[in-house]
2 protein chains.
Amino acid sequence: MSTFIGDYECKVDEKGRVLFPSSLRKQVKSESPNKFVVKKDIYEECLVLYPMEEWELQTAIIRHNTNPYNKEHNLFIREFFRGTAEVTLDSNGRLLLPKRLLEMVGIGRDIVMAGMNGKIEIWAKEKYETAQLGSSDFANLAERILGSTPLKDE
Amino acid sequence: MSTFIGDYECKVDEKGRVLFPSSLRKQVKSESPNKFVVKKDIYEECLVLYPMEEWELQTAIIRHNTNPYNKEHNLFIREFFRGTAEVTLDSNGRLLLPKRLLEMVGIGRDIVMAGMNGKIEIWAKEKYETAQLGSSDFANLAERILGSTPLKDE
DNA sequence: CCCACTTTTTTACACTTTGTTGATAACTTT
DNA sequence: AAAGTTATCAACAAAGTGTAAAAAAGTGGG
């Protein structure tokens, strides 16, 4: 499974195409290394890019944790799949991102692609920078999440 | 696992490359001894360099103790991965540090690489020197941290 | 203690890969 | 068929990578 790391500034051309940075490309370990799924993030004003294999893992997680006969779950599932798109790398190693999605998260010309374990987030550059937490906020958050219980390292 | 000691003055060339000091290289004990991850430090104006193995240990801990569908956890993961990059030693034993990161911590030509257990800090030389605590401040800090309770040695 | 030798560091240059842009061709949709 | 969208290609610019040689620093033997 791919684990991505590193954030890269990239540019979107007027057709909505982004060159997928070569260092990220090298980190893709997937059966079909040029198929991806993009999607609006659930919580933040950004897009999320999954290699196809990782996406399938995510949908499996959803399947196993929901019951389509439960009305609320069904609602959730519909929303979860709304605004997803399959994208492929073209012959130049670029991804064509649907205009619709770009608009949803306010992406213009400058973006940041940020590797985060199994997925890659795509942000409008300004938003990525202003979304940054102060170091003390981060410290508090870290302590709340990792600081309480004994850590599992496996 | 590598434990680094010693601080070394190094120079960055105009392309952002740093010769990894030979004495530090000898201290690397890792599966892939020429792969590293650099990252902006959380608290200080410096970069931190982890041997890949050490980094993977860190991310494994994070992966197993967080759930990316939890909003706060996801926020934490994003901050954790912000400003990271994978770097490798080239054929001359140099590391190419991303310009973006060098700018973030005000590194020009002269830097200090300082071993600190599992990681190596990279400072702009001037900042490293001015960041030094006065000896009495340091003494107070030492006493507060180590001086109260009986010490554990394992 | 000095010299010769090895290793490490610095510098410069050439070359390859990656990134950017624009233009054109093929395809869909209306 | 026209308009819009998507794919393919080519050319240039920028960044990254590798090689080599010169300079500096460290090491050991006489």
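Protein chains get the first letters and strands the later ones, always in sequence-line order, with residue 1 at the start of each. The shown structure was predicted, so the numbers you read here are calculated from the model rather than taken from an experiment.
- Nearest heavy atom pair, residue A:Glu54 against residue A:Gly118, reads CG-O, 3.4 Å.
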| remark: Each nucleotide of nucleotides 17-22 of chain C classed B (base within 4.0 Å of a protein heavy atom), S (only sugar-phosphate) or -, in 5' to 3' order, makes -SSBBB
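- A salt bridge between B:Arg109 and B:Glu14 is absent, with no side-chain N of the basic residue lying under 4.0 Å from a carboxylate O of the acidic one.
- Ion pair B:Arg78/A:Glu121 flagged as a salt bridge, since at least one NZ, NE, NH1 or NH2 atom sits closer than 4.0 Å to an Asp/Glu carboxylate oxygen.
- Base contact: A:Asp90 has a heavy atom under 4.0 Å from a base atom.
- Taking the six-membered ring for Trp and the full ring otherwise, the centers of A:Phe20 and A:Phe36 sit less than 6.0 Å from each other.
- Considering all non-hydrogen atoms of both residues, B:Leu96 and B:Val87 come closest at O-CG1, 3.2 Å.
- Using a 4.0 Å cutoff on non-hydrogen atoms, no part of residues 29-38 of chain B comes near DNA chain D.
- One finds a salt bridge joining A:Asp7 and B:Arg100 here, because a Lys/Arg side-chain nitrogen approaches an Asp/Glu carboxylate oxygen to under 4.0 Å.
- A salt bridge between B:Glu86 and B:Lys35 is present, with a side-chain N of the basic residue lying under 4.0 Å from a carboxylate O of the acidic one.
- Atom CD of B:Glu31 has 12 or fewer neighbouring heavy atoms from other residues, nucleotides or ligands inside a 6.0 Å radius.
- At least one test fails for B:Arg82 against the ring of A:Phe138: distance under 6.0 Å to the centre or angle within 45° of the axis.
- Using a 4.5 Å cut-off on side-chain heavy atoms (C-beta onward), A:Ile145 and B:His73 make contact.
- Scanning DNA chain D 5' to 3' for nucleotides with an atom closer than 4.0 angstrom to a non-hydrogen atom of chain A gives a first and last hit of D:dT6 to D:dA10.
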